[in-house]
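To keep things clear, I will list the structure first and then write my remarks on it.
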Amino acid sequence: MIRRYDFGHPIETGAVVSKPPVCTDDMPRFAVVQEEGRVSFKVVMGEDDLVFGLGENVRGINKRGHIYRAWNSDDFSHTENKSSLYASHNLVLFSGKSGVFGAYFDDPGAVTFDLGYTRGDEAVITSENGSLTVYYIESESLIGAVKEFRYLIGRSYLPPKWGLGYIQSRWGYSSENDLRTVVAGHRSRHIPLDMMSMDIDYMEDYKDFTWNSERFPNLKRMISDLKDDHIRVVPIIDAGVKEEAGDPSYDEGMEKDYFVKKADGKVFVGAVWPGRAVFPDFLREDVRSWFGGLYRPMMEAGVEAVWNDMNEPAIFYSEEGLEAAYQQADAMRGTNIGVNSYFALKDAFTGMSNSMEDYRRFYHVIDGKPVRHDKVHNLYGAMMTKASAQGMKAYAPDKRYLLFSRASFIGAHRDGGVWQGDNNAWWSHILLNLKQMPSLNMCGFLYCGADLGGFGCNTTEDLLQRWLQLGVFTPLMRNHAANGTRDQEIYRFRNWEAMRDTLTVRYALIPYLYSELVKAAVKGDMMFRPLAFDYPGDDMACRTEDQVMLGDGCMIAPVYEQNARGRHVYLPEDMLLVRFRSSEDYDLVPMKKGHHWVALQMNEFPLFIRKGHVIPMAKTAEYVEAIDTSSLMLLGWLDKGTAITLYDDDGVSADIDLNAGLTVIDVQVKDGAVKAKAQGKHIDASRIIID
Ligand code: GLC
């Protein structure tokens with residue numbers, strides 16, 4: 001059940017596609033308090049209530065006990081004390097003795113979610129705008145609540161099938177030669193690879209939609225050569241456009257008045273990678289359609305995939321902010337700088353980035369009227385994604401495009417995926433990556449993944465190895481690192497063969513992962529679920545945060561501690577452990593419900609298949625288009641027959657007809673023998689365990 005409540009004068013965010021009529025009665029369960037221009041929603045929580053939602057954020061899957069803030073932030077330190085990352089996904093669900101309920105707070109401005117932080121038994125959600133639409137949700141189950149919500153917000157973006165391939169990336173590949181060398185490093189060692197991302201280094205002076213012609217002398221030829229090798233390039237596009245007369249995007253945007261302005265009517269200037277930059281008003285349809293059109297020449301050159309960045313928007317400094325800091329420094333010149341003034345001076349410069357003062361300095365135009373940026377801040381990245389999606393769709397309407405963004409708001413889940421931003425080469429970030437997956441799925445974001453190996457700091461060989469073992473299961477699988485960090489490509493390490501073997505499992509599982517991804521998108525379901533969703537009556541499962549359900553039949557439990565050679569796993573039911581070393585080399589161990597220590601050497605990682613389910617594996621391949629789905633091996637542990645449905649298609653057509661693409665794999669168990677069949681496929685059931 002979903003009910004809609006409007007407060008004040010809500011701004012249309014585009015998050016919701018099927019709006020129920022406005023209710024005028026009191027909202028169930030939430031006490032509403034309106035004061036000082038804000039509106040708060042209070043819920044009393046039972047001692048054992050669980051709280052889910054908030055998509056991409058820090059801390060647990062169960063969000064209880066901390067305070068979060070919807071405020072898209074360019075923050076490269078994803079530590080527990082933070083309350084915001086790059087996204088605002090304002091869905092909260094409560095589950096406890098009084099049932100399952102929650103709400104989506106459709107507000108493009110700052111919203112705080114005090115989920116038992118100030119008072120352990122109270123959740124208080126506060127909209128600073130004081131104007132928003134709240135969609136109250138009630139259901140029999142957590143997954144039921146998510147499905148109702150997902151129906152409200154519309155179908156999730158689906159990438160082409162090759163988007164599930166492995167992406168190698170680095171900020172610092174600065175020439176055609178760099179790209180070709182890394183591709184050869186993979187191909188010559190048979191390390192699977194489908195894409196190479198291209199970071200800001202490819203641009204001319206960090207100007208969007210430009211290519212440095214010295215370092216990339218023949219772009220078209222490079223793209224087509226790489227495509228012959230089954231590699232696609234994924235260039236980055238940033239939100240800020242360099243302020244430089246003569247640059248076509250800048251000139252046209254200025255001429256047509258497309259950039260955000262200050263109250264005095266002057267174009268707002270903030271610095272990003274190119275130094276002084278201006279910001280398209282993505283909240284305007286005409287600006288989106290212009291910006292989307294700028295992708296066309298890239299696509300004509302053969303690009304089929306793009307990542308959008310710095311679209312919170314990140315602002316290193318504004319001219320006003322910089323001036324204020326200079327003045328502060330000048331005033332202190334020659335004085336004895338003691339403790340307080342030292343920190344004030346430091347803060348004057350560090351606090352210049354992404355500052356609230358700057359976000360209050362400029363305006364968007366909505367319905368012909370100026371709206372101050374901070375009121376709609378969290379929409380900016382989503383609207384950039386919308387612009388890009390529009391442009392990419394317009395170029396090739398019948399084909400799927402690959403697009404992922406850093407900043408997001410619900411609604412952008414229909415246009416693209418997200419990567420989880422600038423994490424670090426920290427073990428705790430493997431766990432954070434895992435925990436964010438189900439929360440992102442609740443909010444509609446299915447094509448997601450974190451920078452494997454870690455973006456900031458130097459990775460270590462074992463960290464990359466363990467992180468890849470989680471990345472095997474995330475739809476977006478990308479190894480990415482910051483400029484200046486040590487080389488992080490698989491083949492740079494002593495144990496590259498073990499990591500290559502890990503990737504063979506990814507490619508063998510793509511038929512299953514792709515099928516689960518498409519089904520989750522079309523049915524409004526989750527590919528990754530907290531255990532609490534599948535085992536609501538099992539308190540141990542409900543409180544488990546380092547294991548996650550995957551698709552219909554599986555659970556994953558990555559190793560995320562340095563020097564560990566195994567881990568504790570809680571099985572909420574009987575499951576088959578598949579201990580992978582490669583797609584050809586794995587152990588099958590039936591395990592009973594309960595607690596287990598699972599030994600896992602560095603080159604080993606587990607997948608747990610629920611008893612009674614089977615999952616298909618193809619023969620591995622070095623790129624997605626080479627995967628042969630006509631011949632499949634089944635893994636599972638059965639005591640009676642079962643059937644699964646597997647979705648497949650050409651992997652690129654924009655139209656997706658779920659029913660047309662489903663194949664039933666029927667597994668019969670008779671007299672201790674197993675037989676499996678599926679139309680048009682060769683099915684090998686010899687590794688199914690029966691009891
Ligand atoms: C941002 C992005 C990161 C990228 C860098 C340079 O920090 O999050 O992925 O490498 O900018 O473009």
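Whatever order the structure lists them in is the order used to number ligands and atoms, beginning at 1. All residue numbers refer to positions in the sequence shown, counting from 1.
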Proximal atoms of ligand 1 relative to [X] (non-hydrogen, under 4.0 Å):
| X | result |
| --- | --- |
| Arg406 | 1 (C), 2 (C), 7 (O), 8 (O) |
| His480 | 3 (C), 4 (C), 9 (O), 10 (O) |
| Trp307 | 9 (O) |

_Whether Lys262 engages the ring of Phe362 as a cation-pi pair (distance to the six-membered ring centre under 6.0 angstrom, angle to the ring normal within 45°) should be assessed._
no

What part of [X] sits under 4.0 Å from ligand 1 if we count only heavy atoms: the side chain, the backbone, both or neither?
| X | answer |
| --- | --- |
| Ile236 | side chain |
| Phe76 | neither |
| Tyr86 | neither |

*ring pair (Phe, Tyr, Trp, His ring centres under 6.0 Å), paired with Tyr295, selected from Trp290, Tyr395, Phe209*: Phe209

*Taking both backbone and side-chain atoms of Asp422, is any N or O found less than 3.5 Å from an N or O belonging to ligand 1?*
yes

*asked:* Ring-plane angle category for Trp307 and His480, please: parallel below 30°, perpendicular beyond 60°, tilted otherwise.
replied: perpendicular

*Report the relative orientation of the aromatic rings in Tyr157 and Tyr401; use parallel for angles under 30°, tilted for 30 to 60°, perpendicular for over 60°.*
tilted

*Tell me, with the steps shown, if Asn308 and Leu403 meet side chain to side chain contact (heavy atoms under 4.5 Å, CB included).*
CA-CA 8 Å; Asn308 280 345; Leu403 176 63; 3.9 Å; yes

_Working to the nearest 0.5 angstrom, can you tell me the gap between Leu446 CG and Thr474 OG1?_
12.5 Å

_Quick test: of every protein heavy atom, which one is nearest to atom 5 (C) of ligand 1, and how far off is it to 0.1 Å?_
Trp171 CE3, 3.8 Å

*List the closest protein heavy-atom neighbour of atom 2 (C) of ligand 1: residue, atom name, distance to the nearest 0.1 Å.*
Asp309 OD2, 2.9 Å

_Asp201, Asp199, Asp238: member with heavy atom nearest to atom 4 (C) of ligand 1_ = Asp199

_Quick check on the 6.0 Å ring-centre criterion: do Trp426 and Trp467 meet it?_
no

